[in-house]
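I have placed the structure first, in the form of structure tokens, so that the comments after it can refer back to it.
Letters A, B, ... are given to chains in the order of the sequence lines, protein chains preceding strands, and every chain is numbered from 1. Keep in mind that this is a model prediction, so the values were computed, not measured.
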Amino acid sequence: MTNKSLLVVNDLHVSVEGKEILKGLTLTVNAGEVHALMGPNGSGKSTLSFCLMGHPKYHVTSGRILYKGKDIAELPPNKRAASGIFLAFQYPTAIPGVTIANFLRAALRGVRGGDVPVKEFRQLIKTHLKSLGISESFMSRYVNDGFSGGEKKRLEILQMAVLSPSLAVLDETDSGLDIDALKTVAAGINALRSPERGILLITHYQRLLNYITPDHVHVLVNGRVVRSGGPELAHELEAKGYEGFREPEPVTSAAV
Amino acid sequence: MTTKPQVNINDEYEKLYGFHMPEHSVFKSEPGLDEDKVKQISGMKGEPKWMLDFRLRGYRYFMNKPMPTWANTALLNSIKFDSIFYYLKPTTGQSDNWNEVPEEIKQTFDRLGIPEAERKFLAGVSAQYESESVYHSMRDDLQKQGVIFLDMDTALKEQPEIVKRYFGTVIPPADNKFAALNTSVWSGGSFIYVPKGVKVAMPLQAYFRINAKNMGQFERTLIIADEGAEVTYIEGCTAPVYSSDSLHSAVVELIAMPHAHLRYVTIQNWSKNVYNLVTKRAVAQEGATVEWLDGNLGSKLTMKFPAVYMMGPGARGEVLSVAFANSGQHQDAGAKMIHAAPDTSSVITSKSISKGSGRTSYRGLVKVYPGSENAKSTVRCDALLLNEESRSDTYPTLEIDEKRVQIGHEATVSKIGDEQLFYAMSRGLTEQEAMSMIVNGFIEPFVKELPLEYSVELNRLVQLEMEGAVG
């Protein structure tokens with residue numbers, strides 16, 4: 001662990017409703033890096049993302065999550081958000097009756113720990129809407145209420161841009177997007193790449209990685225990282241499928 | 001993952017609304033009710049004989065009618081009718097100038113922001129303190145257009161014919177036990193008449209304040225919108241926090257003549273020691289529209305089922321209501337839509353929130369009489385439960401005696417979802433903030449119909465009720 005390490009996940013075991021899903025996951029994300037975590041359905045990808053954000057149903061039974069050198073196990077989700085962690089949800093939740101404008105303003109207040117002047121807020125929103133190609137009328141819609149898949153993902157990216165996190169975790173942000181939406185979303189993510197920020201892309205498919213080149217790729221199978229490598233690993237996966245990455249025997253895994 | 005409540009709701013209510021001033025009155029009846037007291041009230045007001053007879057009819061019905069058995073009987077039967085003060089006259093007269101209102105009463109309304117609201121966005125204001133209206137005013141331009149806005153006692157003196165013609169025609173004395181009680185001891189309330197074709201752009205408002213302990217407030221309101229007229233009326237109400245109970249039992253009658261548009265808005269915020277047992281009913285004639293916007297946050301027990309009788313072809317009725325029941329409260333609210341003519345349509349939207357051990361009930365009736373062809377009715381009730389012990393019940397009744405109709409009913413009960421909470425919290429909101437936001441979103445369909453000043457106020461009230469929702 002260097003002083004650049006934003007996130008260190010060490011031998012993490014996580015259970016949901018009594019069932020162990022993550023079985024010793026280890027992963028380090030440094031500032032300035034983009035990591036892709038790839039894995040088949042049921043491998044524990046979403047579990048990791050919920051666990052990083054502090055979902056109350058996901059229990060860490062052993063292992064540690066260090067963020068900026070501190071154990072965050074006891075922090076509620078809002079404190080994690082305030083410390084700079086952001087999760088773009090795979091299935092964002094609708095909050096009927098609450099406008100995106102009000103929601104974002106409250107979020108920004110929570111993350112910054114104080115009120116944001118109206119003028120500054122408007123300017124900030126305007127800038128990000130423009131760069132993401134989203135119309136201003138979007139702001140008066142209710143959060144995810146009746147949204148298409150593409151709209152939901154765009155809203156996740158907008159929130160990420162506005163909240164400007166240190167660590168962004170994107171859970172299957174590419175799923176359910178047509179090619180144009182995928183490009184917009186990828187452009188939004190690329191715009192956030194910076195030396196101070198770490199990005200963890202969680203994805204089933206390689207196609208998002210055609211637009212965002214990760215620094216590191218990890219393969220998650222049955223709750224553990226079974227292979228790590230560079231961008232070429234994603235192409236290998238694309239060619240071979242997950243069949244070639246079945247969970248190794250315990251003896252072999254020690255050698256990985 | 002818990003946040004300590006910052007404010008105790010009752011402390012906060014006490015500070016903002018639940019304060020009381022020293023009690024002064026020019027007349028206060030002895031507690032309890034008998035026939036002599038009814039005569040005394042009528043005599044002091046110098047009423048015509050027909051009104052006294054009317055009161056006495058109401059009194060007899062009240063004494064003879066049993067308590068409703070279909071409602072929250074445990075609470076209803078704990079009302080101590082003998083310890084209630086049925087009439088309290090706080091001042092010698094009414095004023096149209098705030099400076100002439102007695103200091104303590106003026107201070108009360110100042111603290112509640114009424115004079116300020118009047119200056120900013122109201123076309124007329126009436127302020128009732130205990131049994132009588134103490135302040136009343138209306139903009140000159142409306143006066144010139146023939147709009148009448150008076151307290152009911154003054155209306156009986158100044159507009160005797162029109163009052164006699166319509167008073168008690170929508171809600172007769174024998175309608176129910178509490179309407180009968182109101183009929184026998186009514187005092188104050190508003191009388192409004194909007195002439196043919198006059199459209200009153202800004203709302204008229206009445207504010208009802210109880211100050212004394214064990215007080216009974218029985219205002220009587222009658223609003224008549226003549227052909228093609230339009231008017232919005234808003235009422236608000238608060239009371240001090242006392243350990244003994246008060247009783248508020250109003251009767252509100254609305255008459256919308258052909259093609260009139262009448263909107264009646266209530267933000268009920270009584271303290272949690274007030275029984276709020278109110279009868280509200282409207283008649284909508286041909287092509288007329290009546291809308292009840294009914295927000296119930298306060299009181300110990302509220303029973304209120306605003307009704308629209310659609311008597312002419314094409315008449316429309318709407319009830320849009322929000323009820324918030326905190327621990328110790330029962331909001332028994334709903335709506336009645338009576339279709340008695342062809343092409344009539346009605347919409348009921350009921351949103352209720354139960355917190356702690358709070359209880360909400362939706363009780364509704366849609367009745368379609370034979371011959372009401374093409375009647376349409378849509379009922380939607382959404383209940384939101386915030387805690388394990390919160391309770392919500394739905395009692396919908398449909399009586400449809402006509403074949404060619406479209407009737408829809410939809411009801412949902414939900415708990416604040418863990419996933420919604422997690423989503424909002426992952427964006428930096430505390431659990432408390434997340435819950436308040438979800439609740440405010442839930443009632444948004446109601447709030448967005450209110451004038452801006454009231455929607456801000458309502459959101460703030462909900463915020464107050466949400467304090468301590470977590471933990």
Residues in side-chain contact (heavy atoms from CB on, under 4.5 Å) contact with A:Val60, at least two apart in sequence or another chain: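 So A:Val60 forms a side-chain contact (heavy atoms from CB on, under 4.5 Å) with A:Leu12, A:Val14, A:Cys51.
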Test side-chain contact (heavy atoms from CB on, under 4.5 Å) applied to B:Lys448 - qualifying residues, sequence neighbours left out: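 Result, side-chain contact (heavy atoms from CB on, under 4.5 Å) vs B:Lys448: A:Tyr142, B:Glu444.
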At a heavy-atom separation under 4.5 Å, does [X] approach chain B through its side chain, its backbone, both, or neither?
X	answer
A:Asp145	neither
A:Lys57	side chain
A:Phe50	both
A:Pro92	both

Drop me the distance from [X]'s [atom1] to [Y]'s [atom2], to the nearest 0.5 angstrom.
X	Y	atom1	atom2	value
A:His55	B:Ser426	NE2	OG	9.5 Å
B:Asn440	A:Ile95	CG	CD1	12.0 Å
A:Met53	B:Met425	CE	CE	9.5 Å

Those residues of residues 103-131 of chain A, ordered by number, that approach chain B below 4.5 Å (heavy atom to heavy atom):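 A:Phe103, A:Ala106, A:Ala107, A:Gly110, A:Val111, listed by number.
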Below 4.5 Å from any heavy atom of chain A, which atoms of [X] appear? Answer side chain, backbone, both or neither.
X	result
B:Tyr423	both
B:Gln420	both
B:Ala424	both

With sequence neighbours excluded, residues passing ring pair (Phe, Tyr, Trp, His ring centres under 6.0 Å) with B:His261: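 In terms of ring pair (Phe, Tyr, Trp, His ring centres under 6.0 Å), with neighbours along the sequence ignored, B:His261 is linked to no residue.
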Can you name the closest pair of heavy atoms from [X] and [Y] and give their distance?
X	Y	result
A:Asn78	B:Leu429	CB-O, 3.1 Å
A:Ala81	B:Gly428	CB-N, 3.6 Å
B:Phe422	A:Gly54	CE1-C, 3.7 Å
B:Arg427	A:Leu87	NH1-O, 2.7 Å

Residue A:Tyr91 excluded, over 12 heavy atoms near OH under 6.0 Å: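 No, OH of A:Tyr91 has 12 or fewer neighbouring heavy atoms, counting only those of other groups under 6.0 Å.
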